[in-house]
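Given the structure is predicted, the values throughout are model-derived calculations rather than measurements. Each chain gets a letter, A, B and so on, in the order its sequence line appears, and its residues count up from 1.
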There are 2 protein chains.
Amino acid sequence: MSDNEDAPAPVPSPHGTQAWINLMRAQQRVLALIERDLKAAGLPGLGWYDVLWELSRAHGGRLRPFEIEERTLLAQYNLSRLIDRLEREGLVERQVFDDDGRGRWVLITEKGRALRSTMWDVYAKAIAKHVGARLPDAGAAQLADLLSRLL
Amino acid sequence: MSDNEDAPAPVPSPHGTQAWINLMRAQQRVLALIERDLKAAGLPGLGWYDVLWELSRAHGGRLRPFEIEERTLLAQYNLSRLIDRLEREGLVERQVFDDDGRGRWVLITEKGRALRSTMWDVYAKAIAKHVGARLPDAGAAQLADLLSRLL
DNA sequence: TACTAATACATGCAATTGCATCTAAATAGT
DNA sequence: ACTATTTAGATGCAATTGCATGTATTAGTA
């Protein structure tokens with residue numbers, strides 16, 4: 001035996017490798033374009049959007065930090081500081097969580113909801129421009145499906 | 001008229017949006033897994049790999065910084081400092097570029113080639129495990145093709 | 001030639017990230 | 001109840017990133 005792994009083939013197929021490279025490049029490229037559009041509109045980046053979005057659609061407009069963490073894939077220490085920044089801007093508030101003295105609620109404010117909505121106007125157009133316009137709708141659906149298998 | 005953009009539809013289709021979300025998530029997730037494997041093997045991250053790879057396949061094992069920049073999508077100031085770090089580790093060398101006093105060559109060393117090769121052993125297995133094993137080869141090919149349209 | 005703009009790369013400084021660790025509070029084991 | 005573990009979240013510090021700008025050199029233009 002030439003390898004000590006268990007099931008999966010140890011060498012990636014050329015197609016698998018190409019898929020990975022394109023995944024990296026496409027994401028970097030489109031992300032940069034979308035962030036550029038947001039910045040050009042004087043708006044914060046997608047990190048802020050993601051948190052505000054999860055909060056705004058959560059029941060009661062609030063979540064525990066660890067719940068946001070799960071939904072956004074942000075690292076715990078990054079999220080903790082991101083919440084600091086959001087709080088400083090009045091977009092969210094931290095509240096005590098009575099059932100567990102360690103816990104906090106993070107509650108989105110009206111200002112936070114308004115900003116998320118404004119951001120979506122720009123974000124949605126950016127997605128349409130940088131993704132939708134480059135792929136027929138059926139292709140987008142197929143892409144979404146293939147990518148979902150990596151999740 | 002309700003919009004000031006030119007050709008593309010201003011609102012993304014649900015499929016386009018889903019494709020974008022999955023693109024972000026899949027890339028984040030797989031990237032994190034691959035970086036974890038590299039770190040577990042005591043190796044540097046993909047940023048180093050990308051530069052070493054471009055250099056090792058370039059004619060004469062050397063490129064100008066701006067050429068690396070184009071090939072890797074690294075920002076100019078980030079690349080400049082990344083080269084500093086690579087140079088400190090003896091993986092590359094900076095040389096003067098005689099035809100243009102502003103320019104530099106970045107030359108990969110034997111040590112740099114060796115490290116890239118070692119990294120590839122781990123990287124290739126990680127791609128196989130985190131991408132190849134989740135997608136049939138035909139699916140990977142299709143994914144690569146769809147993503148290439150975003151590039 | 002002298003002057004202005006553009007190109008190639010580097011760097012000071014502030015903001016963000018990653019890592020390790022810390023505190024406080026809840027749970028588990030005895 | 002008492003100690004050890006685990007969990008939620010925060011934080012000090014070093015490394016990296018982003019932004020703006022700096023330096024040197026070449027190209028363009030009057």
Output the single nucleotide from C/dA6, C/dC13, C/dA10 whose closest atom is nearest the side chain of B/R102.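 The answer is C/dA6.
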Where the side chain of A/Y77 is defined as all heavy atoms beyond and including C-beta, which of C/dG18, D/dC19, C/dT16 is the nearest nucleotide?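 Among C/dG18, D/dC19, C/dT16, the one nearest the side chain of A/Y77 is C/dG18.
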Whole angstrom value for the distance that separates [atom2] of [N] from [atom1] of [X]:
| X | N | atom1 | atom2 | value |
| --- | --- | --- | --- | --- |
| A/L74 | C/dT16 | CG | P | 13 Å |
| B/L82 | D/dT17 | CG | C1' | 12 Å |
| B/R88 | C/dA10 | CZ | C1' | 13 Å |
| B/Q76 | D/dC19 | CD | C1' | 12 Å |
| B/N78 | D/dA15 | CG | C1' | 12 Å |
| A/Q95 | D/dG9 | CD | C1' | 16 Å |
| A/W48 | C/dT17 | CH2 | P | 11 Å |
| A/I83 | C/dT17 | CD1 | C1' | 16 Å |

Does a nitrogen or oxygen in the side chain of A/R85 sit under 4.0 Å from OP1 or OP2 of C/dT16?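 For C/dT16, OP1 or OP2 has a side-chain N or O of A/R85 closer than 4.0 Å.
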Minimal non-hydrogen separation, B/L143 against A/A19, with atom names: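 Closest approach of B/L143 to A/A19, heavy atoms only: CD2-CB, 4.1 Å.
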Is the shortest heavy-atom distance from the side chain of B/L150 to the side chain of A/R29 under 4.5 Å?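 Result no, sub-4.5 Å side-chain heavy-atom pair not found.
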Which residue lies toward the 5' end of DNA chain D, A/G103 or B/D100, if each is placed at its nearest nucleotide?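 Result: A/G103.
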For A/K39 and for A/S80, locate the closest nucleotide of DNA chain D by heavy-atom distance; then report the residue assigned to the nucleotide nearer the 5' terminus.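 Its nearest nucleotide being more 5', the pick is A/S80.
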Quick one: the side chain of A/R94 and the base of D/dG9, do they pair up donor-acceptor inside 3.5 Å?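 A donor-acceptor contact between them is absent.
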When you measure only distances, ignoring hydrogens and angles, does the side chain of A/R36 come within 3.5 Å of the base of D/dG18 through a donor and an acceptor?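 Result: no qualifying N/O pair found.
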N/O donor-acceptor pair under 3.5 Å between A/T118 side chain and A/A114 backbone: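 Present.
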Any sub-3.5 Å donor-acceptor pair from A/K111's side-chain atoms to A/E89's backbone N or O?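 Judged by distance alone, yes, a pair lies under 3.5 Å.
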Remember a base hit wins even if backbone is also touched, and classify B/R64 as base, sugar-phosphate or nothing at under 4.0 Å, heavy atoms.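 Contact class for B/R64: sugar-phosphate only.
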How about A/D137 and B/S13: does a side-chain donor come under 3.5 Å of a side-chain acceptor?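 Judged by distance alone, the side chains do pair up.
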